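Structure first, then comments.
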Amino acid sequence: MISYGTTEAAEDALGRAMTAAEAAWFRHSGSMPDYCLYMESLVILLAAYSLTPLPLALLELCAPAKFTMPYKLQPKVWLSPAAFLRCYADTARILVLLTIGPLLYLPYPVVKTAGIRTGLPLPSAGEVAAAQLLVYMLVEDYLGYWLHRLLHWGWAYDNIHYIHHKYQAPMGFAAAHSHWVELLILGFPAFFGTVIVPCHMTTFWLWFAIRGTVAIDTHSGFDFPLSPTKLIPFYGGAKCHDYHHSGGRWSQSNFAPFFTFCDYIYGTHKGYRHHMASLRKLKEES
């Protein structure tokens with residue numbers, strides 16, 4: 001909760017006029033307890049999960065195959081509208097009832113104690129992008145790599161991770177289609193970064209929106225040559241993760257959620273590199 005009763009009091013404390021973004025934040029959060037602001041994370045996560053996959057889902061379901069097939073990573077697999085709806089309904093139920101709904105709020109005392117703040121001033125773009133979001137991505141990439149790799153071991157795969165690999169040709173809604181235990185396990189690295197490098201609540205929301213969007217992108221099942229994600233250094237993207245899904249339980253490649261360097265460092269990129277080299281050779285021979 002912002003401790004200033006009026007705009008004038010807030011600007012006096014800042015020693016300057018509020019920016020438009022700060023004024024909007026003051027109006028939204030001025031009288032709202034911090035815990036209630038934190039609870040809005042559920043709305044942001046569900047909105048990202050529900051809306052981000054829709055364009056590509058509609059493209060796959062409605063556009064003529066001749067237009068989409070060149071960009072579909074597994075063109076022999078086409079899911080029905082019922083499969084899309086079933087995946088979304090099953091996942092949304094787990095998110096709301098078993099994971100995000102009741103359990104998202106358990107880490108609140110931890111992140112609050114670690115320094116998450118809700119007041120003014122708002123963080124600068126440089127602080128958000130360089131000092132915080134980049135750290136969160138690197139922390140999640142490293143921890144997520146190892147946790148994901150552990151989930152491919154015997155008992156963990158047979159009892160937990162197999163649900164996520166139900167879709168060997170994934171689509172956006174399958175990003176969070178997992179056992180509720182897996183959602184908690186792989187959600188831990190995302191919170192851990194915010195404990196290491198505390199941030200503002202708005203950055204916290206932005207981070208989880210980005211995290212959800214990246215997961216949806218890597219599960220989209222499409223690879224478009226002009227996608228802006230291709231400009232991100234070391235970004236794995238849909239092509240890398242689609243190969244991981246195509247291997248099912250035996251997949252030993254492309255475990256990292258964001259970038260490719262963990263797979264390169266620990267040698268779990270070799271199968272994918274061999275696969276891509278084979279595809280290039282076939283294309284040259286044809």
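We're numbering straight along the sequence, starting at 1. As a basis for the values below, the full set of heavy atoms in this structure was taken, side chains included, without hydrogen atoms, waters or symmetry mates. Note that the structure is predicted; figures quoted are calculated from it, not measured.
- One finds the CG atom of Leu37 at 5.5 Å from the OG atom of Ser29 (value rounded to the nearest 0.5 Å).
- Pairs of residues two or more places apart, or lying in two chains, that qualify as salt bridge (charged side-chain N to carboxylate O under 4.0 Å, His left out) and include a residue from residues 203-220 are Glu140-Arg211.
- Between the side chain of Asn159 and the backbone N or O of Trp155 there is at least one donor-acceptor pair closer than 3.5 Å.
- Looking at heavy atoms from C-beta onward, Val135 lies out of side-chain contact with Gln132 at the 4.5 angstrom threshold.
- Tyr272 and Tyr264 end up in different hydrophobic clusters when Ile, Leu, Val, Met, Phe, Trp and Tyr side chains are linked at under 4.5 Å.
- Listed by first then second residue, pairs satisfying salt bridge (charged side-chain N to carboxylate O under 4.0 Å, His left out) with a partner in residues 220-236 read Asp223-Lys230, Asp223-Lys239, not counting sequence neighbours.
- A donor-acceptor pair under 3.5 Å is absent between the side-chain atoms of His177 and the main chain of Asp90, judged by distance alone.
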- Task: Check step by step if side-chain contact (heavy atoms from CB on, under 4.5 Å) holds for His269 and Ser253.
- Result: CA-CA 5 Å; His269 70 301; Ser253 293; over 6 Å; no
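- No side-chain heavy atom of Ile116 sits less than 4.5 Å from a side-chain heavy atom of Pro198.
- Of the inter-residue distances, the one linking Cys87 atom SG with Lys166 atom NZ reads 7.5 Å to the nearest 0.5 angstrom.
- Residue Ala48 comes nearest to Pro53 through the heavy atom pair O-CD, 3.8 Å, listed as atom of the first residue, atom of the second, then distance.
- Using modelled atom types, one finds a donor on one side chain and an acceptor on the other under 3.5 Å when comparing His219 with His164.
- The salt bridge (charged side-chain N to carboxylate O under 4.0 Å, His left out) analysis of residues 119-134, with sequence neighbours excluded, yields no pairs.
- In His274, the NE2 atom is not crowded: 12 or fewer heavy atoms of neighbouring residues, nucleotides or ligands sit closer than 6.0 Å.
- Listed here is the closest heavy atom pair of Cys240 and Thr260: SG-CG2, 4.3 Å.
- From Leu14, atom CG reaches atom OG1 of Thr19 across 9.0 Å, with rounding to the nearest 0.5 Å.
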- Message: As a quick check of understanding, evaluate side-chain hydrogen bond (donor to acceptor under 3.5 Å, both in side chains) for His244 and Ser251, giving each step before the final call.
- Response: CA-CA 6 Å; His244 173 83; Ser251 180; 3.0 Å; yes
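- Atom CG of Leu184 and atom OG of Ser178 lie 10.5 Å apart (nearest 0.5 Å).
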Side-chain donor-acceptor distances from residues 185-197 under 3.5 Å, at least two apart:
from: Thr194; atom 1: OG1; to: Phe191; atom 2: O; distance (Å): 2.6

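- Residues Tyr167 and Ala83 come closest through the heavy atom pair OH-O, 4.0 Å.
- In this structure, Met18 and Pro121 have side chains that are not in contact, with every pair of non-hydrogen atoms separated by 4.5 Å or more.
- In the hydrophobic clustering of this structure, Leu122 groups with Met32; members are Ile, Leu, Val, Met, Phe, Trp, Tyr whose side-chain heavy atoms approach within less than 4.5 Å, directly or through other members.
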- Asp158 and Arg249: salt bridge (charged side-chain N to carboxylate O under 4.0 Å, His left out), yes or no, with the steps? CA-CA 9 Å; Asp158 292 338; Arg249 75 169 294 133; 2.4 Å; yes
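- Nearest heavy atoms, Leu120 versus Trp25: CD2-CD1, 4.0 Å.
- Using cut-offs of 30° and 60° for the angle between ring planes, the Tyr266 and Trp146 rings count as perpendicular.
- Pairing each heavy atom of Ala256 with each of Cys262, the nearest pair is CB-CB, 4.4 Å.
- A donor atom on one side chain and an acceptor atom on the other are found under 3.5 Å apart for Tyr145 and Thr268.
- Using modelled atom types, no side-chain atom of Asp242 and backbone atom of Leu73 make a donor-acceptor pair closer than 3.5 Å.
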- Begin with the C-alpha distance, continue with both residues' side-chain angles, and end with the deciding distance and a verdict on salt bridge (charged side-chain N to carboxylate O under 4.0 Å, His left out) for Glu22 and Arg27. CA-CA 9 Å; Glu22 288 171 335; Arg27 290 192 297 272; over 6 Å; no
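- Sorted by first and then second residue, the pairs that involve residues 44-81 and meet ring-ring contact (aromatic ring centres under 6.0 Å, His included), not counting sequence neighbours, are Tyr49-Tyr88, Tyr49-Phe173, Tyr71-Phe224.
- The shortest heavy-atom contact between Leu79 and Ala169 is CD1-O, 4.3 Å.
- Relative ring orientation between His241 and His148 is described as tilted, the plane-to-plane angle lying within the 30° to 60° band.
- Screening residues 51-62 for side-chain hydrogen bond (donor to acceptor under 3.5 Å, both in side chains) gives Glu60-Lys72 as the qualifying pairs, with residues at least two apart or on separate chains.
- Within the model, atoms CG of Leu42 and CG of Leu46 stand 4.5 Å from one another, a figure rounded to the nearest 0.5 Å.
- Checked by atom type, the side-chain pair Glu40/His28 shows a donor-acceptor distance below 3.5 Å.
- Residues Leu51 and Leu61 share a single hydrophobic cluster, defined by chaining ILVMFWY side chains whose heavy atoms lie under 4.5 Å apart.
- The aromatic rings of His152 and Tyr157 sit tilted relative to each other, their planes meeting at an angle between 30° and 60°.
- Residue Thr203 holds its OG1 atom at 6.5 Å from OH of Tyr136, rounded to the nearest 0.5 Å.
- Grouping the Ile, Leu, Val, Met, Phe, Trp and Tyr side chains by contacts below 4.5 angstrom, directly or via other members, places Val139 with Phe208.
- A donor-acceptor pair is defined here as one N or O able to donate and one able to accept, closer than 3.5 Å; such a pair exists between the side chain of Asp263 and the backbone of Phe255.
- With contacts defined as side-chain heavy-atom distances shorter than 4.5 Å, the pair Leu45/Leu95 does not qualify.
- By the 4.5 Å heavy-atom criterion applied to side chains, Glu11 and Arg16 are not counted as neighbours.
- The aromatic rings of Tyr38 and Phe204 are tilted relative to each other, their planes meeting at an angle between 30° and 60°.
- Proximity of Val214 to Tyr235: side-chain heavy atoms (C-beta onward) are separated by under 4.5 Å at one or more points.
- The shortest distance between side-chain heavy atoms of Cys199 and Trp207 does not fall below 4.5 Å.
- Contact annotation: the side chain of Phe258 never approaches that of Thr218 to less than 4.5 Å [non-hydrogen atoms, C-beta and beyond].
- The cluster map of Ile, Leu, Val, Met, Phe, Trp and Tyr, joined by side-chain heavy atoms under 4.5 Å apart, puts Phe222 and Met171 in different clusters.
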